[in-house]
Amino acid sequence: MAHFGPDLYAESAANTKVFFLDENYDQVRQYDFGSKVLRVGCHGGICYAQVQAMDPDSGLSAPAVFASEDGERWEETDLKSIPVEAGSLKKPPLEGGVYAGGYVLRLEGGSLLVSDDGVYFTPLDAIPPYQDMIPVPYGRMEAYPGRDGMQLRLMAVGGDGSSVLNEKEVSYINADIDAAIAAAFPGDRCYATLDGAYISFDDPPYAKNQRVMVPLRNISEALGFTVEWVKEDGRDLAVCTRDGVTVRVEIGSARAEVNGEACALEAPSEVLRGRTYVPIRFFSEQFGLDVDWDQATRTVLLKSKTDPFT
């Protein structure tokens, strides 16, 4: 079982205390704020608790954030919310996702997935102890983050959505999580946004010869197109359709058609890790979008020309 050094903690059922837990889920310490605890977090070696406190000036109840280095001595801060570590979430957790200490975790198809930005997820199945677990359709989880790791409580729930049929407690060290993410997404990541919202990809985009290549299916579906794979005259084609617009792309070639009219991609489409990639600028402009590039964040900015704020 992993040892995190500083003990882990979680909000108590009484809602006025934070409990510090060891790696076996046994309580080793607690602190009672005397007011409802709204949220807890641990970032940069500091423990934080957001508490529903009373504002002495207005006499109204308002959240206050307290910080502690040891879990015993807490001081009120000027913060309005618990801080998030640098390089963290670009989009909030989707329904069913859990935020824990700079990571987002979710259960999907029997796998435990993790992300450090909320955009790109990788499975933790290969890291003990998850790989040693008996396969169970866990559908809900709770996360208890610590300074150097986290504990997860995975639960299989009944049809009523509330009764717990089976559960498992697992622990992870942040260094192992970081290594898994780095292995899945080596190098600098590229991102894409559509009208300000980040697009999620099964595999990340990449830059090649000053062009950003993106998975064809992901970008097409993000823009509301359906994708069909066909073979004609020995050629593999991707056919994308929406509202009377049809884009046909020949795999492994720069040849394409838009509504039957031949045109050329900026760069040939190519297959990588079993996925077809296309240059995002061509595809996005054919779909009626304005395209820009933010070098500082390595992000392709897509904007609908029908955007009411244009």
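- Distance check, rounded to the nearest 0.5 Å: CD of E250 to CZ of R235 gives 5.0 Å.
- Here L105 contributes atom CG and L112 contributes atom CG; the two are 5.5 Å apart, rounded to the nearest 0.5 Å.
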**Q.** Candidate pair R217 and W229, rule side-chain contact (heavy atoms from CB on, under 4.5 Å), full reasoning
**A.** CA-CA 10 Å; R217 178 177 291 279; W229 308 93; 2.6 Å; yes

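- Using a 4.5 Å heavy-atom cutoff, the side chains of V212 and W293 are in contact.
- Connection of L216 to L272 is not established within any shared hydrophobic cluster, with ILVMFWY side chains joined at heavy-atom distances below 4.5 Å, either directly or through further cluster members.
- Remark: E261 pairs with no residue by the salt bridge (charged side-chain N to carboxylate O under 4.0 Å, His left out) rule, at least two apart or across chains.
- Between V114 and Y172, the closest side-chain pair of non-hydrogen atoms is not below 4.5 Å.
- With rounding to the nearest 0.5 Å, the separation of NZ in K303 from OG1 in T193 is 11.0 Å.
- In terms of the side-chain contact (heavy atoms from CB on, under 4.5 Å) criterion, residue partners of E285 (sequence neighbours excluded) are, by chain and number, R281, V291.
- Taking Y31 as the reference, F33, W74 meet the ring-ring contact (aromatic ring centres under 6.0 Å, His included) condition, with sequence neighbours excluded.
- The side-chain contact (heavy atoms from CB on, under 4.5 Å) test applied to E76 returns A64, F66, not counting sequence neighbours.
- Atom CZ of R106 is separated from atom CG of L113 by 5.5 Å, given to the nearest 0.5 angstrom.
- Hydrophobic cluster membership is shared by V245 and L302, with clusters built from Ile, Leu, Val, Met, Phe, Trp and Tyr side chains linked at under 4.5 angstrom.
- Between R248 and R255, every side-chain heavy-atom pair lies at or beyond the 4.5 Å cut-off.
- Here the side chain of D294 pairs a donor or acceptor atom with the backbone of A296 at under 3.5 angstrom.
- D32 is linked by a side-chain contact (heavy atoms from CB on, under 4.5 Å) to T16, K17, counting only residues two or more places apart in sequence or in another chain.
- Shown here for V278 and S269, the closest heavy-atom pair between the two residues is CG1-CB, 3.9 Å.
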Identify each donor-acceptor pair in which a side-chain atom of residues 237-244 lies under 3.5 Å from a protein atom, sequence neighbours left out, and give them as a table.
residue	atom	partner	partner atom	Å
T241	OG1	T226	OG1	2.9
R242	NH1	L223	O	2.4

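- Under the rule for a side chain to side chain donor-acceptor pair (under 3.5 Å), E228 has no partner lying at least two apart in sequence or in another chain.
- Applying the side chain to side chain donor-acceptor pair (under 3.5 Å) rule to T77 yields no partners; only residues at least two apart in sequence or on another chain are considered.
- Hydrophobic clustering of Ile, Leu, Val, Met, Phe, Trp and Tyr side chains at less than 4.5 Å, counting indirect connections, keeps Y206 apart from F282.
- Of the N and O atoms on the side chains of Y103 and D178, at least one donor lies less than 3.5 Å from an acceptor on the other residue.
- L301 and M213 fall into different hydrophobic clusters, where Ile, Leu, Val, Met, Phe, Trp and Tyr are joined by side-chain heavy atoms under 4.5 Å apart, directly or via other members.
- The minimum heavy-atom distance linking A180 with L124 is given by the pair CB-CD2, 4.2 Å.
- With rounding to the nearest 0.5 angstrom, the CG atom of D290 is 10.5 Å from the OG atom of S284.
- Between T122 and A184, the closest heavy-atom pair is OG1-CB, 3.3 Å.
- Nearest heavy atom pair, residue S200 against residue G118, reads OG-O, 4.5 Å.
- Other residues, nucleotides and ligands contribute over 12 non-hydrogen atoms within 6.0 Å of the CD atom of E72.
- Considering only residues two or more places apart in sequence or on other chains, F201 meets the ring-ring contact (aromatic ring centres under 6.0 Å, His included) condition with none of them.
- With sequence neighbours excluded, the residues forming a side-chain contact (heavy atoms from CB on, under 4.5 Å) with A207 are C190, R298, listed by chain and number.
- The two residues Y48 and L79 make their nearest non-hydrogen contact at CE2-CD1, 3.8 Å.
- Remark: the backbone N or O of K231 is not paired with any side-chain donor or acceptor of D236 at under 3.5 angstrom.
- Residues S304 and D195 bring a donor and an acceptor atom of their side chains to less than 3.5 Å of each other.
- Checked options I280, V227, L194, V300; the residue passing with I219 is I280 (criterion: side chain to side chain contact (heavy atoms under 4.5 Å, CB included)).
- S68 places a side-chain N or O within 3.5 Å of a backbone atom of D70 that can act as its donor or acceptor partner.
- Side-chain atoms of I251 and V271, non-hydrogen and from C-beta on, do get closer than 4.5 Å to each other.
- Among residues two or more places apart in sequence or in another chain, the ring-ring contact (aromatic ring centres under 6.0 Å, His included) test is passed with Y120 by F185, Y191.
- Checking side-chain atoms of T299 against main-chain N and O of T297 turns up a donor-acceptor pair under 3.5 Å.
- Remark: R273 engages D203, Y277 in a side chain to side chain donor-acceptor pair (under 3.5 Å) (not counting sequence neighbours).
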